[in-house]
Enquirer: 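After the structure tokens below, expect a handful of questions from me.
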Amino acid sequence: MYQFKYFMPTKIFFGRGQVMMHPDVFASVGKKALIVTGRHSAKNNGSYQDVLNVLDQAGIKSVLFDSVEENPSLETIEAGAEIGIRNQTDFVIGIGGGSPMDAAKAIAVFIKNPQISKETVFLGQQLEHIPVIAIATTSGTGSEVTPYSIVTSRVDQTKKNLGQVVFPVAAFLDSRYTDSLPYEVTVNTAIDAFTHLVEGYLNTNATSFSDHFAEEGLRLFGDCFIRLCSKEIDPEFRDAVMYASMLAGIVIAQTGTSLPHGMGYALTYHKGLPHGIANGILMIEYLNIFRDKSKIDRLLELLGLQSLSELESVFSKLITHKIAISHEEILQYAEAIMSNQAKIRNHPEQVTMDQIIGIYQKSLL
Ligand code: NAP
Ligand code: FE
């Protein structure tokens, strides 16, 4: 018997030139936009110029906030919101990888609720937000189709979900914007997308419907891995990995992520590992503790692989990072994940502290 819930209200525009083709979408959302980007890439990959042109066509004014760093902090979000409020912007356009798109979502919440601050936003109440349009320039996070905004909290010394539901009104995916991604960022972000597919597929909240998207994404990843390993990065690859990353976003919008993401946040916050690598470095040992081998076998089959050790050899080509980490640090991170109820709940099997410690040790020491 089929049984599931599905909610993903974002309009998706996928393909070359889509931003320029849709002034109507921008005009339907507001009259003055706060454009949120990282420091450089949006200006170099054509996405920012396309947005300026389409806003001009639609008669929409805009203000630019281009100071979003990787793993955006709540301080940056407050600064962006202050500019939006001062300029009376009525919607936000996030252009970039996950960092600017997530920052745009959080800023949209802060603009709508000027009374909140980085201290009070996590108090549990659901807050409204002004509309967001997301324009992806990496193929990794799927943030353009998820309700999540992952922020860095210096008080909590970690990255965490803002806890507000902010689905973009519209998502634009034009893989030409990703042509300028350096190989290393292409790998890091692709691995993030892959971990979304895996964590969404092996998830308490997985349904026949979310599995449909996850399986299609995993099937595409079989070829993506071959191309990443052989560095055959051409427009066809860029398009396929962007599509797979979007599918992965649609999956985790329903299921959430689980242990590798929860465990990886500490490795990004404390050790500076890029987000995708922080999850990816734990992935093989995570799959090793998974008891339901039938779903793992299906996952490998979709990837066109015979065994977990074949996947391990793909990962060992793509992830070569080494970090210095002590046993005490592993214990501290393991305690944090064991008390992260949301991530533990999403993992469909019972997991022990020893297993978590084991995943960190075997992956990192
Ligand atoms: P990112 O942090 O947004 O960007 C990484 C780097 O890539 C930056 O230096 C950026 O430069 C550059 N870059 C972006 N697009 C480029 C392009 N087209 N060409 C050349 N360089 C480009 O990376 P990300 O991996 O996409 O996002 C990671 C963040 O997303 C993390 O905070 C993670 O926790 C979060 N995340 C969110 C979700 C979600 O559902 N919301 C899911 C997974 C992860 P500039 O700074 O100059 O732009
Ligand atoms: Fe992620």
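Along the sequence shown, the residues carry numbers beginning at 1. Start at 1 and go down the list; that is how both ligands and their atoms are numbered.
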Enquirer: Side chain, backbone, both or neither: which applies to Thr146 and ligand 1 if a contact is any heavy-atom pair less than 4.0 Å apart?
Expert: side chain
Enquirer: Would you check the N or O atoms of Thr189, main chain and side chain alike, for any that come under 3.5 Å of an N or O of ligand 1?
Expert: no
Enquirer: Out of Ala253, Ser41, Gly96, Ala193, indicate the one that has the non-hydrogen atom closest to atom 10 (C) of ligand 1.
Expert: Ser41
Enquirer: Short question: side chain of Lys11, backbone of Ala171 - any donor-acceptor pair under 3.5 Å?
Expert: no
Enquirer: So, is Ala42 polar-close to ligand 1, with some N/O to N/O distance under 3.5 Å?
Expert: no
Enquirer: If we set the cut-off at 4.0 Å for heavy atoms, which region of Glu69 has an atom near ligand 1: side chain, backbone, both, or neither?
Expert: neither
Enquirer: What is the name of the N/O/S atom in Asp192 that sits closest to the Fe ion (ligand 2)?
Expert: OD1
Enquirer: Test of understanding: given a 4.0 Å heavy-atom threshold, classify the contact between Thr141 and ligand 1 as side chain, backbone, both, or neither.
Expert: both
Enquirer: If we only count N/O pairs under 3.5 Å, is Asp192 in contact with ligand 1?
Expert: no
Enquirer: What about Tyr265: any of its N or O atoms under 3.5 Å from an N or O on ligand 1?
Expert: no
Enquirer: Counting non-hydrogen protein atoms only, what is the nearest one to atom 32 (O) of ligand 1? Give residue, atom name and distance.
Expert: Lys159 NZ, 3.1 Å
Enquirer: I need the nearest protein heavy-atom contact for atom 3 (O) of ligand 1: residue, atom name and distance, please.
Expert: Ser99 N, 3.0 Å
Enquirer: In the protein, which heavy atom is nearest to atom 9 (O) of ligand 1, and how far is it?
Expert: Glu70 OE2, 3.1 Å
Enquirer: At a 4.0 Å threshold, what atoms of ligand 1 neighbour a non-hydrogen atom of Thr138?
Expert: 14 (C), 15 (N), 26 (O)
Enquirer: So which heavy atom in the protein is nearest atom 19 (N) of ligand 1, and how far is it from that ligand atom?
Expert: Ser180 OG, 2.8 Å
Enquirer: I need the nearest protein heavy-atom contact for atom 15 (N) of ligand 1: residue, atom name and distance, please.
Expert: Thr137 OG1, 2.8 Å
Enquirer: Quick one: does any side-chain atom of Asn113 pair with a main-chain N or O of Glu128 as donor and acceptor, under 3.5 Å?
Expert: yes
Enquirer: Starting from atom 16 (C) of ligand 1, find the nearest protein heavy-atom neighbour and note its residue, name and distance.
Expert: Leu181 CD2, 3.4 Å
Enquirer: Counting only N and O atoms by type, is there a donor-acceptor contact under 3.5 Å from the side chain of Lys362 to the main-chain atoms of Leu282?
Expert: no
Enquirer: Please name the atom of His275, restricted to N, O or S, that is closest to the Fe ion (ligand 2).
Expert: NE2
Enquirer: Is a donor on one side and an acceptor on the other found under 3.5 Å between the side chain of Thr37 and the backbone of Ala42?
Expert: no
Enquirer: Please state which protein non-hydrogen atom is closest to atom 27 (O) of ligand 1 and give its distance, to 0.1 Å?
Expert: Gly98 N, 3.1 Å
Enquirer: Indicate yes or no: does an N/O atom of Ser149 lie under 3.5 Å from an N/O atom of ligand 1?
Expert: no
Enquirer: Would you check if the side chain of Glu329 reaches a backbone N or O of Ser326 as a donor-acceptor pair within less than 3.5 Å?
Expert: yes
Enquirer: Below the 3.5 angstrom mark, is there an N/O of His196, backbone or side chain, next to an N/O of ligand 1?
Expert: no
Enquirer: Is His275 touching ligand 1 with its side chain, its backbone, both, or neither, if touching means heavy atoms under 4.0 Å apart?
Expert: side chain
Enquirer: How does Asn71 reach ligand 1, by side chain, by backbone, by both or by neither, if only non-hydrogen atoms under 4.0 Å count?
Expert: both
Enquirer: Taking heavy atoms and a distance under 4.0 Å, where does Val185 meet ligand 1: side chain, backbone, both or neither?
Expert: side chain
Enquirer: Is there a donor-acceptor contact under 3.5 Å from the side chain of Glu144 to the main chain of Ala134?
Expert: no
Enquirer: Examine Lys295 relative to Phe290 and say whether NZ or CZ is less than 6.0 Å from the centre of the six-membered ring and inside a 45° cone about the ring axis.
Expert: no
Enquirer: Decide whether a cation-pi geometry holds between Lys160 and Tyr265; the criteria are a distance under 6.0 Å from NZ or CZ to the six-membered ring centre and an angle within 45° of the ring axis.
Expert: no
Enquirer: Flag the pair Arg238 and Asp234 as a salt bridge only when some basic side-chain nitrogen lies within less than 4.0 angstrom of an acidic carboxylate oxygen.
Expert: no
Enquirer: Could you tell me whether His261 and Tyr148 have their ring centroids closer than 6.0 angstrom?
Expert: no
Enquirer: Which of the numbered atoms in ligand 1 are below 4.0 angstrom from a heavy atom of Pro100?
Expert: 3 (O)
Enquirer: Could you tell me how the ring of Phe225 sits relative to the ring of Phe194: parallel (under 30°), tilted (30 to 60°) or perpendicular (over 60°)?
Expert: perpendicular
Enquirer: Any idea how Phe14 and Tyr243 line up, ring-wise: parallel (<30°), tilted (30 to 60°), or perpendicular (>60°)?
Expert: perpendicular
Enquirer: Give a yes or no on whether a salt bridge exists between Lys43 and Asp66, defined as a side-chain N under 4.0 angstrom from a carboxylate O.
Expert: yes
Enquirer: Please verify the inter-ring angle class for Tyr333 with His270; under 30° counts as parallel, over 60° as perpendicular, anything in between as tilted.
Expert: parallel
Enquirer: Give me the nearest non-hydrogen protein atom to atom 41 (N) of ligand 1 as residue plus atom name, then the distance to 0.1 Å.
Expert: Asp102 OD1, 2.8 Å
Enquirer: For ligand 1, note which part of Met101 has a heavy atom under 4.0 Å away: side chain, backbone, both or neither.
Expert: neither
Enquirer: Please give the atom name: the N, O or S atom of His196 nearest to the Fe ion (ligand 2).
Expert: NE2
Enquirer: Is the shortest N/O to N/O distance between His261 and ligand 1 below 3.5 Å?
Expert: no
Enquirer: Would Thr178 count as a polar contact of ligand 1, with the cut-off being nitrogen or oxygen pairs under 3.5 Å?
Expert: no
Enquirer: Is it true that a side-chain atom of Asp90 and a backbone atom of Lys31 form a donor plus acceptor pair closer than 3.5 Å?
Expert: yes
Enquirer: Under 3.5 Å, side chain of Ser210 to main-chain N/O of Ala206, donor-acceptor pair present?
Expert: no
